[in-house]
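In listed order, ligands and their atoms are each counted from 1.
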Amino acid sequence: MSVRRKLIDVNNSPDPQKPLKNQKALVTGANSGIGEACALAFGAAGADVVINYVSRPEEAERVVKSIRQNGTRAIAFQADVSQEDQVQAMFAEMQKEFGTIDILVNNAGLQRDSRFQDMTLEQWNTVIAINLTGQFLCARAAVREFLRRGVVPEVSTAAGKIICMSSVHEVIPWSGHVNYAASKGGVMQLMKSMAQELAPKKIRVNGIAPGAIKTPINRAAWATPADEAKLLELIPEGRVGVPDDIARAAVWLASDASDYVTGTTLFVDGGMTLYPGFATGG
Ligand code: BGC
């Protein structure tokens, strides 16, 4: 079936609410925040989902339960994405349970903030290991399976889709967070270089760059009304984002509706990257 034919099928699908029907997705760091929202949205869009987590298994189980209630399959799997053996074990389990993988959301990430002169090597290494090396290890495992299996036209026009969760800080420098900004700049080039290399194999790789989204990672930035007001000075749309803002973008990038999109970062940031200081200055 040609790509064009398949797109027409998608648009005329009897079930347009389920653009990820019969697809198998793995979302890393899926027991809270943006990862949880993506996992729930993928389940609602018809996908079976592996919920990766590293701590707090009860939260992973809550996400699993909620997806199952919607009628698709879900399992939780504990793995530190920076550890090669744990990533391999997770993909082996997914293969055993679901038979393959169609969509990877490289979402697991963290911050270890510090003034530059005080930043320890451990703070640097932890952030690079989880945010960047973790994305490499999971993407490599997913790509090996995409290449082995190839395109299955009834499932998707692509052999596989990878979504790299980046940040506005892939382009906005961030004082006090150089390890984090460096990791996200790295994610951008990891994503683009993979996209260039793998496009001929019908594997699409894209990034999402969230701005300030209300999740545990940045609670201090919006915890009090005064904090939130200060944060809003950086957001032209005048609201802090919510995880569903990102999940909706992720469903689109994972679906055949974005068949011709690869190697791009979709900024979902309420305008944070629009140099808000220049709205009144310059
Ligand atoms: C960071 C948040 C921050 C946001 C906007 C995100 O990538 O994880 O802590 O609020 O960027 O600066």
Side-chain angles (χ1 to χ4, degrees), residues 27-39 52-56 59 81-82 105-116 119 123-135 138 163-192 206-250 253 264-279:
V27 183
T28 66
N31 61 342
S32 73
I34 289 172
E36 173 180 356
C38 289
N52 160 257
Y53 69 98
V54 72
S55 57
R56 292 172 282 113
E59 293 188 11
V81 294
S82 71
V105 182
N106 259 337
N107 169 75
L110 45 71
Q111 292 181 209
R112 292 288 182 270
D113 310 329
S114 167
R115 284 198 312 186
F116 184 70
M119 187 173 285
Q123 287 172 321
W124 172 267
N125 281 339
T126 300
V127 170
I128 298 297
I130 304 292
N131 294 14
L132 185 55
T133 308
Q135 292 213 13
C138 292
I163 298 169
C164 297
M165 207 53 74
S166 182
S167 163
V168 290
H169 299 295
E170 72 171 41
V171 292
I172 301 179
W174 204 14
S175 160
H177 310 76
V178 301
N179 46 0
Y180 184 84
S183 75
K184 295 302 186 179
V187 163
M188 175 184 65
Q189 281 296 351
L190 170 71
M191 178 277 287
K192 284 180 188 283
N206 290 288
I208 297 179
I213 307 297
K214 277 192 184 176
T215 73
I217 207 174
N218 61 359
R219 184 161 281 130
W222 48 266
T224 68
D227 295 328
E228 184 160 346
K230 192 151 190 314
L231 182 58
L232 288 178
E233 290 173 15
L234 299 174
I235 308 173
E237 275 199 18
R239 77 169 169 91
V240 181
V242 292
D244 273 348
D245 288 314
I246 306 303
R248 284 192 296 274
L253 280 177
T264 199
T265 300
L266 181 50
F267 286 82
V268 184
D269 67 352
M272 194 175 235
T273 37
L274 299 175
Y275 298 95
F278 279 77

Check whether [X] reaches the backbone of [Y] with its side chain - one donor and one acceptor, N or O, closer than 3.5 Å.
X: Thr28; Y: Asn107; answer: yes
X: Gln123; Y: Arg112; answer: no
X: Asn179; Y: Ile128; answer: no
X: Asn206; Y: Thr264; answer: yes
X: Asn52; Y: Ala30; answer: no

Is there any N or O on Trp174 that sits under 3.5 Å from an N or O of ligand 1? no
Using distance alone, decide if ligand 1 has a nitrogen or oxygen within less than 3.5 Å of any nitrogen or oxygen in Ser166. no
For Ser167, the ligand 1 atoms with a heavy-atom partner under 4.0 Å come out as 6 (C), 7 (O), 11 (O)
For Ile217, the ligand 1 atoms with a heavy-atom partner under 4.0 Å come out as 8 (O)
Protein contact of [atom] - nearest heavy atom, named by residue and atom, plus distance:
atom: atom 4 (C) of ligand 1; result: Gly211 O, 3.6 Å
atom: atom 2 (C) of ligand 1; result: Gln111 OE1, 3.4 Å
atom: atom 5 (C) of ligand 1; result: His169 NE2, 3.5 Å
atom: atom 10 (O) of ligand 1; result: Asn218 ND2, 3.3 Å

Mind checking whether Tyr180 and Trp174 have parallel, tilted or perpendicular rings, split at 30° and 60°? perpendicular
Contact between Ala221 and ligand 1, counting heavy atoms under 4.0 Å? no
Taking a cutoff of less than 4.0 Å between a non-hydrogen atom of the residue and any ligand atom, is Met272 in contact with ligand 1? yes
Separation between CD1 (Ile208) and CG (Asp269), nearest 0.5 Å, reads 12.0 Å
